[in-house]
Q: 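This is the structure, below, for whatever I ask next.
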Protein chains: 2
Amino acid sequence: MTPPGPARRLSEHDVIDGAFALVREHGVDALSVRRVAARLGLTPTALYTYVDGRAGLLRAMVERVMGGIPLAMLDDAGLTAAERLEQFGLALRRTVLEHPGGATLIMTGPLDGTHALAMNEALLRCLTSAGLTLDDAARAAYALQVFVLGTVMLEAADGGDGDPQREEALAVERRAALEQYPVDGLALTAETGDIVARYNTTEQFAWGLRRVIAGMLTAS
Amino acid sequence: MTPPGPARRLSEHDVIDGAFALVREHGVDALSVRRVAARLGLTPTALYTYVDGRAGLLRAMVERVMGGIPLAMLDDAGLTAAERLEQFGLALRRTVLEHPGGATLIMTGPLDGTHALAMNEALLRCLTSAGLTLDDAARAAYALQVFVLGTVMLEAADGGDGDPQREEALAVERRAALEQYPVDGLALTAETGDIVARYNTTEQFAWGLRRVIAGMLTAS
DNA sequence: ACCTGAACACCGTTCAAGT
DNA sequence: ACCTGAACACCGTTCAAGT
């Protein structure tokens, strides 16, 4: 299995793989140049051969996540525009949550990479096909991205990772935490505590997503 | 001006003041226990008297931001529900942007503090008064928070701080960056480049906010 | 091109000690 | 209660040196 001849050592790809594995096992806070290097059997400084310091490492990780976002459904002629946008929103959330630390990574820098622009373009195609003017389509495209990425960010901050079982466990935790609070001034929140405890949940995200899409497709 | 008697030294309030001043002057990345301590003329370890380590410092900073969010307009009987929600959304964005690093701080932990719950409750009052069922109101309240906070987070990540002049400068920068990209496969994005360059702008936020609110108030 | 090793200026946190 | 000082186990990055 070891390749013959002069050993092909590593590539940037391997480094990013290692970085995501590290975050998966030890959390985003454990992400450091030194630990990624150690995991690959390298000294910290050797990592600079593959990646432009910590900033370059983070940039490459963002590109990896963004590159994994499926866009094909946005051009699916068999679906209505609303359906296409809903499928896309669900897929975007899933993709980002699947990458440990993905939300934090994306939201930490501007959305201006190649993949981000390709996503924007696909959304523009879909939204103009639904009858929006090009300028409104652009505004709506950004609003949709903001809603999905904002959801994912808050979900990740709350400890979620897209796994339904983990989602369930967190909901139970949050429900218990809500009971602790004094009810004065929070009557409504307490009364609908079951919903509040499940804010970071696939079903509730889907509910909000459908409403947001409806808002975007409304004739002004 | 120096108080007589045994010197009243500092309080947690002063520490948080110092922390925000530090972030304002040197950016979020400069925020550290050691630097906040130094700015107050203390050793790093002395800061632990006022704040429970770095985590406690961040928690207190979040509470400070959340405590500054005005909620009164959500109960303003002189406005329609849509108008109340729009005023609130604009104010929420302004408040968070006014605090340097506010977006990052808030989005980094779960929205479960006292002030977050009070905000939720006020939104529930407003949304139920608009005719939504309590459960739908809860779902809509979270969707609105996600949209506003997601906007603010991406805006801050792009370098924005709510200042209109800075907003303008960033738009020009982003417009220039867009020109650099090859147009193939990005025809629509290029054509509406003026809008795309102004994604992180008060006007475009207001546009999206109105649409999102409309979506929430739509009868299902 | 790829890697090491030493060095520098940082971190957060603990602990024992002082007042 | 409030603070210091020393210590520990970390950071990211530079630079000179090796192959």
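In the text below, chain A, chain B and the rest are named by the order of the sequence lines, each starting its count at 1. Bear in mind the structure is a predicted one, so any value in this text is a computation, not a measurement.
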Q: Take nucleotides 12-19 of chain D nucleotide by nucleotide from the 5' end and write B, S or -, depending on whether a protein heavy atom sits under 4.0 Å from the base, only from the sugar-phosphate, or from neither.
A: BBBB----

Q: Send over the distance from A:L47 CG to C:dA1 C1', rounded to a whole Å.
A: 15 Å

Q: About how many Å separate OH of B:Y199 and OG1 of B:T151, when rounded to the nearest 0.5 Å?
A: 12.5 Å

Q: Stems in DNA chain C: runs of 3 or more consecutive Watson-Crick or G-U pairs, distances under 3.5 Å?
A: C:4-8 with D:12-16, C:12-16 with D:4-8

Q: Under 4.0 Å: is that the gap between some side-chain N or O of A:T43 and OP1 or OP2 of C:dT4?
A: yes

Q: Do any pairs count as a salt bridge (Lys or Arg N to Asp or Glu O under 4.0 Å) and have a residue in residues 84-107 of chain A, sequence neighbours left out, and if so which ones?
A: A:E86-A:R210, A:R93-A:E155, A:R93-A:E167

Q: Whole-Å distance between C:dC2 C1' and A:E12 CD?
A: 16 Å

Q: Indicate whether the side chain of A:Y142 and that of B:N200 have a donor and an acceptor atom separated by less than 3.5 Å.
A: yes

Q: Between OG1 of A:T114 and CE of A:M119, what distance do you get to the nearest 0.5 Å?
A: 12.5 Å

Q: Tell me: CG of A:D29 to P of C:dC11, nearest whole Å?
A: 17 Å

Q: To the nearest 0.5 Å, tell me how far B:T192 OG1 sits from B:I195 CD1.
A: 5.0 Å

Q: Compare all side-chain heavy atoms of A:L31 with those of A:R35 and state whether any distance is below 4.5 angstrom.
A: no

Q: To the nearest 0.5 Å, what is the distance between CD1 on B:I16 and CG on B:L57?
A: 5.0 Å

Q: Hey, are A:R166 and A:E173 close enough for a salt bridge, meaning a charged N less than 4.0 Å from a carboxylate O?
A: no

